[in-house]
Amino acid sequence: MIAFRGFRKQFGTHVAVADLTLEIGRGETLALLGPNGSGKTTSLKAAAGLITPTAGEVLLGEPGRSAHAPSARQAVSYLPQRVTFPDTLTGRDVIEFYRRLRGSPASRTDEVLRVASLNGAAGRAVGTYSGGMTQRLGLAVAVLPNAPVFLLDEPTAALDPDGLAAFYSTVERHAAEGRTVLFTSHQLGDVERLADRFAVLVAGRLVALLTQRELHDSLAQRGLMRVRAAGHLEDAVGRLRSIAPDSHLEADEIVVPGPPSLRPAALEALRDAGVEIRGLTAEEGRLDRFYRELVGDSA
Amino acid sequence: MTAVSTIHAIALCARQELVLAYRSRWTQTFAVAFAVLALAVAVSGYVLSGGSGVQDFSRTAASLVQLVILLVPLTALLLGVLTLASDRGNAELLFSQPVSRAAILLGRVLGLYQALISAQAIGFGAAGLVIYSQAGEDGVTGFLVVIAAAFVLTGVCLGLAAVIAAGNIGRRRSRALAVALVVWLVLVVLADLAALGAASLLRSGAASRLLITAAIVNPVGAVRTAALLLIDGTAAFGSASLALLRFSGGPLRAGLLLAASLVLWLVLPFWAASRRLSRADI
């Protein structure tokens, strides 16, 4: 549905995105992560036809057509990072304009205004809206055309908890209907909840591309168990290394890195080594730490 | 999901821009200011010549040409740039729609054009009603010519504003406004001064050719000359306009030359703006 093929974008001498090759299939939700200035927005804008690649191409739909062609954008709905509307238009004016521009039926206006839940403010001038209300209105515009491809640039940045809930349910419904969603976010909660896959960009380069399953495995690998124990701890750690090679001793605690599935066998090995177990805690791998590990010093 | 036709998209964008312009205090202020100034021109001419009341249409028309030449390019350039150089978040959403950038630009320019000429029509209309009630309908054709000249000049300057706005994407709007002011200053003041200054240094033939070129090439000069030609106001002609009249061999040929220049000025800036916009990263 969306294909970046050797996509490169350069602004003067600054390379915003370097040779990005990435395909997002029908019905897939992919989160694009990375520190500020890593090329996330540039990539999304290229898919929305707003930016011309310096090299390579960005294709939309099946068969793929250049995202720069207006006809290809019929398949796309894009929500910019900081969406704005003319101050003197009302929320309803905005929806009506975009509804007509996309050729959507008249009944869609009230449907998407419900999605935006503007608390009766649809008839008020947009200039009086808060940042969150404007973002909700932008989301309403994005869901208007029922387009097969959804491009969302930091969609949850300005949303309150109610707006966030509305956003999650909207994206989940769209994904369940087989639409393709590509979004950027700094909220790792969005990624865990919504994404089937996630890609990490650092300084314009793709440094990681993982499925949700691979992410869980990676996080599991990054979990650890701390066992407070008494006895010949150094001998016990030595025996433990045949099961968990990175096990080590920290004061009176034995630290056992690895997935939860490893832990029963590790405890059994400690008991066999004659160690008295006085307490234990388990820490699961955290997405924020994993993310920092991937982006390194750029975060 | 249905694709809308390009014509429909242009009409939608035009309608949207018209609504925005009508709600804009700038357009409303412009309509009121234009009416007040047009009336002031009608009254002041008579008062200054020792009379009292209001000038008739023919005298008012010749004076109004100067007002149009000064005010219309300024407002069309500034309001055009203010409108067409959108906020980034608005432009990103609008240009990601399945409509060509040229169609969106054309729609917006047409909507704004309609709003500005409506504001001018209100201004001229108010002045016209007062003049008609006080001085009768004598010379009304000249008055209509001035209105037409204002409409043409509005179109030309909106095209130039579109070029400036298309080159300003991703930059501050204040920069585009500054460029618009410079363009206005060049078209309305500096171009004529430069042509006259250069002509004074040249021999008669070359000076005439330079002045003729200046009268045709500068759209503001072309509108002024054409308007004065049509309302038979050659007495108010400057040296460039007189040189054009001599060179072309009569008012008809001079008029055709000026019309050709203005048609190009109406088409070329929009073409350049849509070309610039279609290549821009938004």
Determine whether more than 12 heavy atoms belonging to other residues, nucleotides or ligands lie under 6.0 Å from atom [atom1] of [X].
X	atom1	answer
B:R15	CZ	no
B:F151	CZ	yes
A:R205	CZ	no

Checklist entry - Among A:D93, A:L144, A:V141, A:I51, who wins on heavy-atom pairs under 4.5 Å with chain B? => result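 Highest number of heavy-atom pairs under 4.5 Å: A:I51.
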Next on the checklist: Could you walk me through whether B:Q120 and B:T154 satisfy the side-chain hydrogen bond (donor to acceptor under 3.5 Å, both in side chains) test, starting with their C-alpha distance in whole Å, then the side-chain angles of each, then the deciding distance to 0.1 Å, before giving a yes or no?
Outcome noted: CA-CA 10 Å; B:Q120 288 164 18; B:T154 302; 2.8 Å; yes
Chain A heavy atoms under 4.5 Å from [X]: which part of the residue, side chain, backbone, both or neither?
X	answer
B:A103	neither
B:S278	backbone
B:Q97	both

Checklist entry - In terms of side-chain geometry, is the basic nitrogen of A:E96 or A:R99 positioned less than 4.0 Å from the acidic oxygen of its partner? => result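 Yes, charged N to carboxylate O under 4.0 Å.
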Item to check | Cationic N near anionic O, under 4.0 Å, A:D153 to A:K40 | outcome: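 No salt bridge links A:D153 with A:K40.
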Next on the checklist: Between B:R88, B:E92, B:H8, who has the most heavy-atom pairs with chain A when the cutoff is under 4.5 Å?
Outcome noted: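 Most pairs with chain A among the choices: B:E92.
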Item to check | Interchain contact, A:T52 with chain B, by part (heavy-atom threshold 4.5 Å) | outcome: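 Both backbone and side chain of A:T52 come within 4.5 Å of chain B.
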Checklist entry - Which bit of A:R82 is near chain B, if near means a heavy-atom gap under 4.5 Å: side chain, backbone, both or neither? => result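 Contact with chain B is through the backbone of A:R82 alone.
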